[in-house]
Engineer: 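Sending over a structure as structure tokens; questions will come in a sec.
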Amino acid sequence: MRFALLGHDEHTLSIAEAIRRLGHDVSHVWDAEPLRTRLSQLFPRAAWLSDWTVVLEATGIDATVVACGMDPEIRVEQLKRIAQLGSPALVSHPLHPSVLTFFELEMICAETKARLVPYCPWRWRPGMRQLSEWIANDENSPVGQCDQVVIERAAADRGDEAVMRHFARDVDLAMSLVGDLNSLSAMCPRWETIGLANLGVQMSGPANILVRWSIGPLESVEGLKLSLLGPQGKATLTLPDDGAAELQATGQQSPLTEDRSTDAAIEAFVDAVQGETVWPDWHAAARGMELADSIELSLRKGKTIPLYNTQPTEHGTFKGIMAAGGCFVLFASLGLFMLGLLLARFGVPHADKLPYGVAALLIGFLALQTLRFVFPRSS
């Protein structure tokens, strides 16, 4: 496959090296000047672009790698145009802090059949497969039946934006182990004054496994500890951001294989481009962002927030808009009637014509309902 690289972030170089190792090529690069020396060594024939729209028109490009970059708004507009053309893209996750952006891109993909795949290499880190097997088969698990999954993130930067980015990535890791999560409760002392630096989140889903996530100060290296808790003990997988993973379990020593997480993520993306069903897909990325978006609501209300796993569609969006519009029309009609009575009482000319305005408003709103036939229904 031939790739184009749009932008650069902390994952770009490792992705490029994996593309090279797997025998693929990069033909076009835009906005990756800090990595120019290394990328030129890997792909000496790649064209360095000053105008990224060349990627949309160039022939022979099979897929695009979209980095988070410094300006998420630009990246989102680029990704929308790529998706509108039905082209596949591997996207750094999370690309944008707004969950609405993810839902909008999901609707575009549903219409154009574009394959957008979030880049989530942590799902293939050493030890993750072992933890998944222990959760799925508690007879072979050193902890027995898994009751809790505990994720402890250590980070040097605990600003609000960094915390939300860490959470979006780590909750994707949790969902790869326990499946969907449909309720969330967040706690953060003094969050209105000091932000999310001490955030703790509890989640659960259909698997009936409690997931606890927290962020703390940097101790030795940045990364996370992922623990499975059960009646027979505890198993902990340590995943530093830069370094070798370690797995410790009660009564067991589990040797870890070589870290091929980046290669595995690229291979999964290639499978998706070829039409195979892969996980995570864009809906999984949007689901993680929906959980992240619910944190502030939970903190503000001080209660558990339920979430519903529905995929956004144009038909569903239209029904929501019409429901809200119907409420507005009812209140507007009542207001016009009361205004007509008031004006008629004071002898204002043509005040008796206001009921006709109400009728026109209602007829217009009913006519808008026919637009639902414009949106195709899913099979």
Side-chain angles (χ1 to χ4, degrees), residues 120-156 158 163 166-189 198-261 264-265 279-280 284 287-288 291-292 295 298 304 307:
C120 302
W122 40 85
R123 287 184 173 229
W124 290 276
R125 290 292 298 273
M128 286 299 299
R129 180 183 293 274
Q130 183 66 75
L131 294 185
S132 298
E133 292 175 355
W134 285 344
I135 291 176
N137 187 2
D138 52 56
E139 293 182 356
N140 298 327
S141 171
V143 304
Q145 182 178 1
C146 180
D147 298 322
Q148 297 184 41
V149 174
V150 180
I151 301 176
E152 301 170 274
R153 165 66 66 174
R158 290 190 293 157
V163 170
H166 287 309
F167 177 83
R169 294 175 177 176
D170 294 345
V171 77
D172 175 82
L173 193 67
M175 289 192 293
S176 72
L177 293 174
V178 305
D180 187 42
L181 298 168
N182 55 22
S183 67
L184 177 146
S185 177
M187 296 184 67
C188 186
N198 299 310
L199 178 65
V201 182
Q202 293 193 113
M203 296 162 284
S204 63
N208 293 320
I209 297 176
L210 179 65
V211 176
R212 292 189 286 130
W213 182 92
S214 62
I215 190 167
L218 182 65
E219 296 178 358
S220 56
V221 295
E222 289 194 90
L224 61 87
K225 289 184 179 179
L226 197 159
S227 302
L228 305 186
L229 305 183
Q232 299 178 19
K234 176 181 179 180
T236 300
L237 176 63
T238 303
L239 295 174
D241 291 345
D242 296 309
E246 295 181 2
L247 178 58
Q248 298 178 348
T250 304
Q252 289 193 18
Q253 289 291 334
S254 300
L256 298 181
T257 59
E258 181 185 359
D259 189 351
R260 291 190 66 257
S261 55
W279 192 263
R287 185 62 169 172
L291 286 162
I295 288 176
S298 176
T304 299
L307 296 101

Engineer: Identify the two heavy atoms, one from Arg287 and one from Met175, that lie closest to each other, and give their separation to 0.1 Å.
Structural biologist: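 Taking Arg287 first and Met175 second, the nearest heavy atoms are CG-SD, 4.0 Å.
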
Engineer: What is the distance from atom CD of Glu222 to atom NE2 of His166, rounded to the nearest 0.5 Å?
Structural biologist: 6.0 Å

Engineer: Leu181 and Leu291: which non-hydrogen atoms are nearest, and at how many Å?
Structural biologist: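 Taking every non-hydrogen atom into account, O-CD2, 3.9 Å.
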
Engineer: Could you measure the distance from the OG atom of Ser214 to the NZ atom of Lys225? Nearest 0.5 Å is fine.
Structural biologist: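 Taking OG in Ser214 and NZ in Lys225, the distance rounds to 11.0 Å.
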
Engineer: Specify the closest pair of heavy atoms between Ser298 and Ala186, including all atoms of both residues, with the distance to one decimal.
Structural biologist: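 Heavy-atom minimum between the residues: OG-N, 2.9 Å.
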
Engineer: Report the distance from atom SG of Cys146 to atom CG of Leu229, rounding to the nearest 0.5 Å.
Structural biologist: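 Between atom SG of Cys146 and atom CG of Leu229 there are 7.0 Å.
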
Engineer: Check whether any side-chain heavy atom of Ile295 lies under 4.5 Å from a side-chain heavy atom of Leu184, and answer yes or no.
Structural biologist: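 In short, these two side chains touch, coming nearer than 4.5 Å.
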
Engineer: Please name the pair of heavy atoms, one in Ala245 and one in Leu256, separated by the smallest distance, quoted to 0.1 Å.
Structural biologist: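 In this case the closest contact between Ala245 and Leu256 is O-CD1, 3.1 Å.
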
Engineer: Out of curiosity, Met128 CE to Leu177 CG, how far, rounded to the nearest 0.5 Å?
Structural biologist: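 Rounded to the nearest 0.5 Å, the CE-CG separation comes to 4.0 Å.
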
Engineer: Over all heavy atoms of both residues, which pair between Leu237 and Gly127 is shortest? Give the atoms and the distance, please.
Structural biologist: CD2-C, 3.9 Å

Engineer: I need the Glu246 CD to Leu239 CG distance, nearest 0.5 Å.
Structural biologist: 10.0 Å

Engineer: Does Asn137 have more than 12 heavy atoms from other residues, nucleotides or ligands lying within 6.0 Å of its CG?
Structural biologist: yes

Engineer: Once you round to the nearest 0.5 Å, how far does CG of Leu226 lie from CH2 of Trp213?
Structural biologist: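 Output value for this atom pair is 13.0 Å.
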
Engineer: Which pairs with one or both residues in residues 133-145 pass salt bridge (Lys or Arg N to Asp or Glu O under 4.0 Å), sequence neighbours excluded?
Structural biologist: none

Engineer: Considering non-hydrogen atoms only, spot the tightest contact between Ala174 and Ile151 and give its length.
Structural biologist: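 Of all heavy-atom pairs spanning Ala174 and Ile151, the closest is CB-CD1, 3.9 Å.
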
Engineer: Hey, are the side chains of Val143 and Trp134 touching, using non-hydrogen atoms and a 4.5 Å cut-off?
Structural biologist: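 A side-chain contact is absent here, since even the closest heavy-atom pair is not under 4.5 Å.
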
Engineer: Should we count CD of Gln232 as having more than 12 external heavy atoms under 6.0 Å?
Structural biologist: yes

Engineer: So if I apply the side chain to side chain contact (heavy atoms under 4.5 Å, CB included) rule between Leu131 and each of Thr236, Leu228, Leu173, which one comes out positive?
Structural biologist: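 Filter result, single survivor: Leu228.
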
